[in-house]
2 protein chains.
Amino acid sequence: MSRSQLPPARLALTVDVVIFRLHDARLETLLVRRAALPHKGRWAIPGGFVHANESLEVAARRELYEETGLKNVYLEQLYTFGDPKRDPRGRVVTVAYFALITGAIQPRAGDDAAEAVWQPINGLPDLAFDHKAILDYALRRLRYKLEYTAVGFELLPDEFTLAELQAAYEIILGDPLDKRNFRRRILEANVIEETGKYRSGQIGPRAQLYRYRSDAVAEVKARRLFP
Amino acid sequence: MSRSQLPPARLALTVDVVIFRLHDARLETLLVRRAALPHKGRWAIPGGFVHANESLEVAARRELYEETGLKNVYLEQLYTFGDPKRDPRGRVVTVAYFALITGAIQPRAGDDAAEAVWQPINGLPDLAFDHKAILDYALRRLRYKLEYTAVGFELLPDEFTLAELQAAYEIILGDPLDKRNFRRRILEANVIEETGKYRSGQIGPRAQLYRYRSDAVAEVKARRLFP
DNA sequence: ACAAAAGTGTTCGATATACACCCATGT
DNA sequence: ACATGGGTGTATATCGAACACTTTTGT
């Protein structure tokens, strides 16, 4: 207990943001190569210190913006990692977030990163600190959420075809889904609506474009979307 | 970014532990009355500062032990609350946990608490800091977990009757369950086993006592226990 | 013409839900 | 004897899974 006055702290707080995107039919995450010690030269999840008067989510969004130039993307707190030995410099507790973005963003290396690149989830390099554990955790959470909620849309552009949406689910969940069952479920879930527009330019018939229904509820006591 | 050296921190880290128990057919949580400023005299979730070389979970277990004398109970990280204004003393980030305990424990007030008492979830008093939000979040998570996993056992003694188990679920989920369906599901889920012993001393037939199967898996891709 | 991809229903098995009585035991 | 509470099975509705063909369009 003893909550009456703040103790002098040798303590730092960071946020790390696992950023996912779909690209070339693969799930990818953004990694930076560390330019400084410790773990200089190793790959890491982008992140940094929380500023003095900044909430955790604002800090995470700031990091995300510095790396990708994106605002207003899907972001969710994941878990807080606080093992006393996780950082050799001292006590550094990190609040991990995960973000889902859309499209082909050129990453920008921050001041502490030599490079920033998209890495496919399969075949990741060794990671600095406990970042492997953080990434594994984020991936589990992404798959879990995808089965229960409509969060998959966050990885697609504003308008998409049902085939593209199904492909996104298949890539992340890792196994094929039945086309007719998929379409029925996603439509009955009432989370997307037709735009009235079509995608053509391909061999075959034009495909109806859909958009996410901003007024969709989902989530609360929702039945599993893909059991 | 700038992760090369630790900044001087005016920052404190606490853990807060929402402790649930079942008592008198009600769900209760342990609250302490604050003995010091800020929020002196108001009710709060038990918690305190994380020590220098202590992991977050160890800190949470220590707080739990100080309040209840219990070790080895169910404990799970909930969420990290870090709004810069949540504590008037300065920047205090708290990692919230929730714990499930069993039986009639006499709470012990810590050094910063004037009293520690069990409060039924319905009709809670005003809480200090952002503790109302933390408690609401914990409650949502408890209900959610109960529907999908077998975590309800953590609120019961080692041996229990099916009627007691069903009552626990009904209290927490808030609506009645069909006796025959409940028994079928919980037995088919294969998470409990007969002890061979019976509870008697009541009017009516003796009730078989069950125990949690320690080798039960559950959780991973488990079907919803009570849809 | 041909290849690629969009769109569309039905059947069958599994699971969830609703529902009522008998009997053992303690008072 | 009576009140309390433990234990048990079935019928129906709903949901999930498997499955194939036709049509459109670009090359």
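The analysis underlying the following values was restricted to heavy atoms, covering all of them including side chains, and did not include hydrogens, waters or symmetry mates.
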Inset, instruction - Can you sort out the partners of R180(A) under side-chain contact (heavy atoms from CB on, under 4.5 Å), two or more places apart, ordered by chain and number? - result: D178(A)
For [X] and [N], what is the distance between atoms [atom1] and [atom2] respectively, to the nearest whole Å?
X       : N       : atom1 : atom2 : answer
E194(A) : dA6(C)  : CD    : P     : 15 Å
E164(B) : dT4(D)  : CD    : P     : 19 Å
D175(A) : dA17(D) : CG    : C1'   : 14 Å
L177(A) : dA18(D) : CG    : P     : 11 Å
Y198(A) : dG7(C)  : OH    : C1'   : 11 Å
Q208(A) : dT23(D) : CD    : C1'   : 16 Å
R183(B) : dG9(D)  : CZ    : C1'   : 13 Å
F182(A) : dG9(C)  : CZ    : C1'   : 19 Å

Inset, instruction - Please work out whether the ring planes of F20(A) and F98(A) are parallel, tilted or perpendicular, with thresholds of 30° and 60°. - result: perpendicular
Inset, instruction - Please determine if E159(A) and R199(A) form a salt bridge, counting it only when a charged side-chain N lies under 4.0 Å from a carboxylate O. - result: no
Legend entry - salt_bridge(R211(A), D158(A)) N-O dist < 4.0 Å: no
Legend entry - Exam field: side chain Q119(B) to backbone E28(B), donor-acceptor pair closer than 3.5 Å: no
Inset, instruction - Using salt bridge (Lys or Arg N to Asp or Glu O under 4.0 Å) as the criterion, list what pairs up with R108(B), not counting sequence neighbours. - result: none
Legend entry - Under 4.0 Å protein heavy-atom contacts per nucleotide of nucleotides 19-27 of chain C, with B for base, S for backbone only and - for none: BB---BBS-
